[in-house]
Every structure is written in C-alpha cells, then in structure tokens.
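Report on one structure; see the data block that follows.
Proteins come first, then strands; the chains are lettered A, B, ... in the order of their sequence lines, and each starts at number 1.
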Number of protein chains: 2
Amino acid sequence: MDKKQRVVKEAAERRNEILDVAEELFVSKGYDKASTNDILERVGIARGTLYYHFSSKEDILNAIIDRINSSLISRASTIAADTSIPVIDRIVMTIAALNVDTDIGHEIIDQVHKPQNALMHQKMLHNLIEGIVPIIVRIVEEGNEQGIFHIKYPAETVEMLILYSGTVFDDDYDESEERSANRIKAFLHNTELLLGAKEGSVQQAMSKLFK
Amino acid sequence: MDKKQRVVKEAAERRNEILDVAEELFVSKGYDKASTNDILERVGIARGTLYYHFSSKEDILNAIIDRINSSLISRASTIAADTSIPVIDRIVMTIAALNVDTDIGHEIIDQVHKPQNALMHQKMLHNLIEGIVPIIVRIVEEGNEQGIFHIKYPAETVEMLILYSGTVFDDDYDESEERSANRIKAFLHNTELLLGAKEGSVQQAMSKLFK
DNA sequence: ACTCAACCGACAGGTTGTCGGTTGATATGA
DNA sequence: TCATATCAACCGACAACCTGTCGGTTGAGT
C-alpha cells in the first residue's frame, strides 16, 4: 500500500523541494545529525533520485547557503542603492537587513549558530562577508567624501565590523541580559570610533530605526 | 605474524599517545575525514581500548583542544604578568604568543583554518577567547590608569580585537601578498583607534618586536 | 591466587555514494 | 491518430565505510 509511486517533476522543482526539506532538517537537527535518509524520506523520493540532483550531501549544504545568501544580499543591495537615505542610516539599515528576522532568516540564523552546525555557520559567514563587504564599503566611501566619516582603510575596517557583528550576536552561549546590552552599546561606540564618525551619530541612527 | 600483542600501559600514557596521533590526523586529514579506525591503527590498539580511554570521537577532539589551549594560555599568562614590560609591548607580545609558531602551534593553526575543520576551529577559537580576553583586559586597564589608553568598554573591545585577529589571520583562502600586508596595517591602525592609544604607538611596539 | 585496570575484537546499527535498470512525458513519423 | 523511440527523471539494492557497545581476556601488583 505504501509502495512508492513514481512522480516525475521538472529538475528545478525537485531540486527546490529537496533544498526546502534539507534546510529544515539541517537547521533543526544540525548538518551532521540530519542524514540523507531523513531528507529523502521526507521528500518522498529514492536514494538514487537525491544523488541524481545533487552530487553529495555537502553539495546540498552549499546550495542552501547560496540560496539564503543571495536572498539576503539582494535585500541589502536594494537598501544600499537608495541614496536618498542619509549615509549612516543607510548603513545601519543595510546591516539590519542581514540580521533582523526575515521571511526565513531569523529561525535559521538562531539555529545555525549552534556548535553542531560549525561548518554551515562558517560557510555562511564567509560567503556572506564576501558579498556584503563591497556593498557597505561603497556607502562608507560616500560618507568619507561627505566628510561624515574619516576612515583610512575602508575595506578592512568594514570587514572587521561585519565579522564581529556576525559572530558576536550568536547567542549560542548564554549570557545575561545586561552583558548582552553592554555588548551592543560597546559595538556602536566602537563603530563610531572606527569610522571616525561623530560621537553618538550611529547610536542615533540606530535608535531612530528601532524605536 | 602481525597478530596483536598486548601491551599494557598506564592510562595517562595511553591517553597521550592517542591524543598525539589523533591531533596529527585531525590536522592533516580534517576531523571528519580522520576515522577512529585510522587512529587506533596508528596507535596500535584495538577499538575497545580507544573507547576505554575516551567516550567518543568528539571527546578526543575536546581533549586535544584543551591541551593546546592550556599551553597557549599559560604561555600568554606568563608574559602578561611581567609588569616590567611596557603596557603596549606587553599586549603585542601576549597576542603574538597565541599566533606565532610555537612548539606545535604553527602547523596546527594553519590546518585548523581549513573549511573541513570548521568544528575544531570554532571550538578552539571560542575556548581560546574565553581564556585570553580576561588576561588582556587586565593589561588594557593598566594602560587606562597610566593614561596611555582611553577606552570605554575594555572587555568588549578586547573581545573584538582578539576575535578579529584570530579570524583574519586564517589564510585559508588565498589572497595577494599586498592585500595581506594591508590587512595587518589596517589592523594595527584600528587597534590604536579602539584603544585610544597614540597614533603609531602600537605599530612601533610591533616593529620593535619583529625587526 | 585474587583483583581489577587495561585491553581485545566481533558486532549492531548507522552512514554516504554508486550503479544498472525502469518509467513516463514528449517528440517523431506513418 | 496511433505506434514507437528517446531520454530526463526516478528507483532501490548494495558496497564500503563509519561510530559506539559489550562480554570476555590478560597480566601487573597485592
């Protein structure tokens, strides 16, 4: 009765089905613990079909990451391109677009930061940084020209800020509310220092957005 | 002929033998690819023996990381405690003790930064940061009192610096000589900004040490 | 001659990736 | 309009690993 009945679909559609399920599983159980068997059972396909569409389990992981990142980056680009927004606000908004809960983003990012998902985490971060740094650098340079910022090494500094923001907001290890709030205050303060921005200017943009 | 002949050793000695071999293998092949079979063959023991001394493969990984980190941290502590060294020099030296090639350190750290070793990498970094940040913070606060630094959030800032230094010196992904040199210059410059130190003071200490 | 820490290896139950074979949607031609 | 050929998509058995368990063995010290 529960015999397999063959259902044929277009490759692109099947691929996405697989990615949807795999994403769900990788996130909830962790990349290592989620087996390819779990995936193909949930999708309702046979082993051979999975490996017809993907060459390996890691290949699936990479495809998922690409999917998430290109979505995040396109969102960020849109904001970054809107020159009607003041520079500082635009930077805050662009970065916020990466971290604040999006359609899928939030849950994933929470889970991804578990130690069990180290590989996934690292790949995402690396991949994301590569895409996002140039976008922010362009805004920062705009700020330099406007005399709002005074920054000597834009690319490296932005890299540092993004990297830190991406790693530090992993609340995988529990910490007190107070400590966490302190971290954010410190981060904003240090951002101002590094960008050579007026004291309080970043904080202001931040509180303006999340009031 | 190649029958197993039983050799009995003290537990501590066996444990270290296993850790030595496992470290070698994890580093050269990556944690995932190195199998427990590889380890026990190389050590010359049976499966049961391995699991007599360690409860799981990950348990072995954790033991290795503890071993490396406590060695690194004790080295760093020694330097940090020597108040005869000027504050800035002492900070540079302390951090250098973590990154510069040590007995084992260098090779390992090179390899650990490969994507295949994401879990190991993350565990080391996390563990290391936890140990090293308080040590450096104490020196930084000393600098604050001496009026050399002017820093508002010592703990958070040091965390940021260490985290960045630990990540940025992963030369896993290839980059030009020039880009890499630039990164270091930028890092030193930003360190001065964050610490509120006199411009050039950190660069000076750095070049004094590695001339 | 007893005890028990250290050791052994077979085994259960999992994993990923491969491969020869099958099926059905679509194109072709009579 | 109906037969048939083609090939992308699919299937599931299987090989070759993997980790962790467990009942039994051994030998060094008392």
Side-chain angles (χ1 to χ4, degrees), chain A residues 1-26 28-64 115-120 123, chain B residues 1-26 28-64 115-120 123:
Chain A
M1 267 329 71
D2 54 348
K3 199 59 185 300
K4 185 122 292 168
Q5 74 170 326
R6 177 177 290 245
V7 179
V8 178
K9 301 195 175 175
E10 226 167 277
E13 194 186 343
R14 242 311 116 78
R15 263 183 76 92
N16 273 324
E17 270 183 34
I18 294 170
L19 291 180
D20 289 341
V21 170
E23 186 174 306
E24 228 284 311
L25 284 169
F26 286 174
S28 62
K29 304 179 69 170
Y31 174 72
D32 291 330
K33 297 278 201 219
S35 73
T36 52
N37 282 325
D38 292 338
I39 297 172
L40 53 90
E41 267 171 34
R42 282 266 265 269
V43 179
I45 54 174
R47 190 131 263 278
T49 307
L50 187 71
Y51 281 88
Y52 174 75
H53 292 285
F54 296 93
S55 68
S56 70
K57 191 182 171 186
E58 191 164 353
D59 191 29
I60 299 176
L61 176 62
N62 289 330
I64 290 175
Q116 32 174 320
N117 280 9
L119 178 63
M120 195 167 169
K123 283 196 168 176
Chain B
M1 261 333 66
D2 54 348
K3 199 61 189 296
K4 185 123 286 167
Q5 74 170 320
R6 179 178 288 246
V7 179
V8 179
K9 301 193 174 177
E10 225 167 275
E13 195 186 344
R14 246 306 119 78
R15 264 183 75 92
N16 274 323
E17 270 183 32
I18 294 170
L19 290 179
D20 289 340
V21 169
E23 187 174 305
E24 231 283 312
L25 285 170
F26 286 174
S28 62
K29 305 179 67 170
Y31 174 71
D32 292 329
K33 297 275 202 225
S35 73
T36 52
N37 282 324
D38 292 339
I39 297 172
L40 54 91
E41 267 169 36
R42 280 267 264 268
V43 179
I45 55 175
R47 189 131 263 278
T49 307
L50 187 71
Y51 281 87
Y52 173 75
H53 291 287
F54 296 94
S55 67
S56 70
K57 192 183 170 186
E58 190 162 356
D59 190 31
I60 299 177
L61 177 61
N62 289 330
I64 290 175
Q116 32 174 318
N117 280 11
L119 178 64
M120 197 169 168
K123 282 196 169 176

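- OP1 or OP2 of C:dT15 has at least one side-chain nitrogen or oxygen of A:N37 nearer than 4.0 Å.
- Atom CG in B:L61 sits about 12 Å away from atom P in D:dG20, given to the nearest Å.
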Stepwise side-chain contact (heavy atoms from CB on, under 4.5 Å) test for B:L25 and B:K33: CA-CA 9 Å; B:L25 285 170; B:K33 297 275 202 225; over 6 Å; no
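- Among the candidates A:T49, A:I39, A:I60, the single residue satisfying the side-chain contact (heavy atoms from CB on, under 4.5 Å) test with A:F54 is A:I60.
- Distance from the side chain of A:S56 is smallest to C:dG17 among C:dG17, D:dT19, D:dC11.
- Counting only distance, with no hydrogens or angles, the side chain of A:Y52 and the backbone of A:A11 share no donor-acceptor pair below 3.5 Å.
- Remark: C1' of D:dA9 and CG of A:L40 are 15 Å apart, rounded to the nearest angstrom.
- Between B:T49 and the phosphate of C:dC8, there is a side-chain N or O to OP1/OP2 separation shorter than 4.0 Å.
- Taking atom OH of residue A:Y51 and atom P of nucleotide D:dA16, one finds them 17 Å apart after rounding to whole Å.
- Distance CD1 (A:I45) to P (D:dA13): 16 Å, rounded to an integer number of Å.
- More than 12 heavy-atom neighbours from other residues, nucleotides or ligands sit within 6.0 angstrom of CD on B:E13.
- Comparing A:G48 and A:Y52 by the nucleotide of DNA chain D whose heavy atom lies nearest to each, the residue mapping closer to the 5' end is A:Y52.
- Spacing between atom CZ of B:F54 and atom P of D:dT19 amounts to 15 Å, rounded to whole angstrom units.
- Of the side-chain N and O atoms in B:R14, one or more sit less than 4.0 angstrom from OP1 or OP2 of C:dC7.
- Across C:dG17, D:dT19, D:dC11, the shortest atom-to-atom separation from the side chain of B:K57 is found for D:dT19.
- Rounded to an integer number of Å, the gap from CZ of B:R47 to P of C:dA12 is 15 Å.
- Set against D:dC11, C:dT16, D:dT19, the side chain of B:S35 has D:dT19 as its closest nucleotide.
- Side-chain contact between B:R14 and B:I45 is present, with heavy atoms from C-beta onward closer than 4.5 Å.
- In this structure, B:E58 places its CD atom 16 Å from C1' of D:dC18, rounding to the nearest Å.
- Regarding contacts with the backbone of D:dA8, every side-chain N or O of A:H53 stays at 4.0 angstrom or more from both OP1 and OP2.
- Computed from coordinates, the A:E41 CD to C:dG14 P distance equals 11 Å when rounded to whole Å.
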